Amino acid sequence: EAQVTQNPRYLITVTGKKLTVTCSQNMNHEYMSWYRQDPGLGLRQIYYSMNVEVTDKGDVPEGYKVSRKEKRNFPLILESPSPNQTSLYFCASSLRGGRGYTFGSGTRLTVV
Amino acid sequence: DAKTTQPPSMDCAEGRAANLPCNHSTISGNEYVYWYRQIHSQGPQYIIHGLKNNETNEMASLIITEDRKSSTLILPHATLRDTAVYYCIVRLLLSGSARQLTFGSGTQLTVLP
């Protein structure tokens, strides 16, 4: 089944403890993105990647890192999480010139 | 990307057609209209997109006015599972840029039994 898989689905962590949210897609898509969704603020892009080893900042990149060493994987790294990064995170992928993005099921992160 | 305006909420009776409007009066000639929906806290789901002709797929129909300043997403026979927030997005085709889809506030569609 064609899909974008994020792990974990839920995560509670403490301030300052490094964490990684994984994202993998099995559709050979070139484009991948990370979004966060917060009440009243909607979906905002954190980082995006147009291909392997090509990444760029979205609208809210502060406090996050990404890497794209392989086409299928696009992990989101929080080196020192803070409570304001408590949010619902979505990974998405698309073919270049494709009809639309396929989103993962989301990761609900709580930083205490 | 052009800005869109959608009503914040709509109700629809189960089995009836749901018609969701979207205004995009500043749309440029090469911008497409995309529709996504998000069922409570799940990842957004692509529905349909179009440039100027009406489009139909297995999920919905998209009607774009001749001047392209507005469009309507039609769910022909709404079911309870269609209850979701529907987002209308206007942007260039996804070639050449992975820049974000700008999700506005969308329309909360509630399908009533």
Side-chain angles (χ1 to χ4, degrees), chain A residues 2-6 9-10 21 23 25 27 29-52 54-61 66 68 71 74 87-109, chain B residues 1 3-9 22 30-62 64 71 73 84-108:
Chain A
Q3 59 185 358
V4 175
T5 302
Q6 296 178 227
R9 290 292 308 277
Y10 301 91
V21 183
C23 175
Q25 49 94 4
M27 297 166 281
H29 286 173
E30 293 92 348
Y31 291 175
M32 297 187 75
S33 289
W34 276 102
Y35 287 79
R36 61 178 288 174
Q37 186 170 30
D38 303 288
L41 297 176
L43 282 145
R44 296 178 292 167
Q45 192 181 50
I46 303 170
Y47 268 94
Y48 62 96
S49 169
M50 294 174 68
N51 215 324
V52 175
V54 180
T55 63
D56 209 344
K57 297 176 180 179
D59 284 340
V60 288
V66 293
R68 188 94 182 271
K71 197 171 188 178
F74 191 45
S87 187
L88 179 58
Y89 291 87
F90 291 104
C91 180
S93 73
S94 172
L95 278 173
R96 187 178 190 277
R99 61 176 198 169
Y101 276 88
T102 300
F103 282 78
S105 299
T107 296
R108 189 169 292 280
L109 172 66
Chain B
D1 297 338
K3 183 178 176 178
T4 62
T5 304
Q6 300 176 252
S9 64
C22 180
N30 55 355
E31 286 183 311
Y32 284 70
V33 180
Y34 286 82
W35 283 84
Y36 284 75
R37 73 180 182 183
Q38 186 175 25
I39 297 170
H40 180 63
S41 294
Q42 296 181 22
Q45 177 188 23
Y46 165 85
I47 301 173
I48 199 168
H49 77 285
L51 182 62
K52 53 184 177 182
N53 297 320
N54 298 339
E55 302 287 346
T56 295
N57 64 20
E58 65 279 3
M59 289 183 68
S61 295
L62 174 61
I64 302 174
S71 60
L73 178 74
V85 178
Y86 287 76
Y87 297 98
C88 169
I89 299 164
V90 172
R91 62 156 292 153
L92 297 172
L93 192 62
L94 283 176
S95 58
S97 172
R99 201 67 176 92
Q100 73 165 332
L101 297 167
T102 301
F103 289 84
S105 301
T107 297
Q108 171 66 58

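Numbers restart at 1 for each chain; the letters A, B, ... are given by sequence-line order, proteins then strands. Please read all numbers here as calculations on a predicted model, not as lab measurements.
Contact record, A:Leu88 with B:Ser41: CD2-O, 3.8 Å, taken as the closest heavy-atom pair. Taking every heavy atom of both residues into account, B:Tyr87 and A:Gln37 meet most closely at OH-NE2, 3.9 Å.
Side-chain atoms of B:Tyr36 come within 3.5 Å of backbone atoms of A:Tyr101 as a donor-acceptor pair (strictly under, hydrogens ignored).
No part of B:Ser105 comes within reach of chain A, as not one of its non-hydrogen atoms sits under 4.5 angstrom from that chain. Contact annotation for A:Glu30: neither backbone nor side-chain heavy atoms come within less than 4.5 Å of a heavy atom of chain B.
By the 6.0 Å contact criterion, NZ on A:Lys71 is enclosed, its count of non-hydrogen atoms from other residues, nucleotides or ligands being greater than 12.
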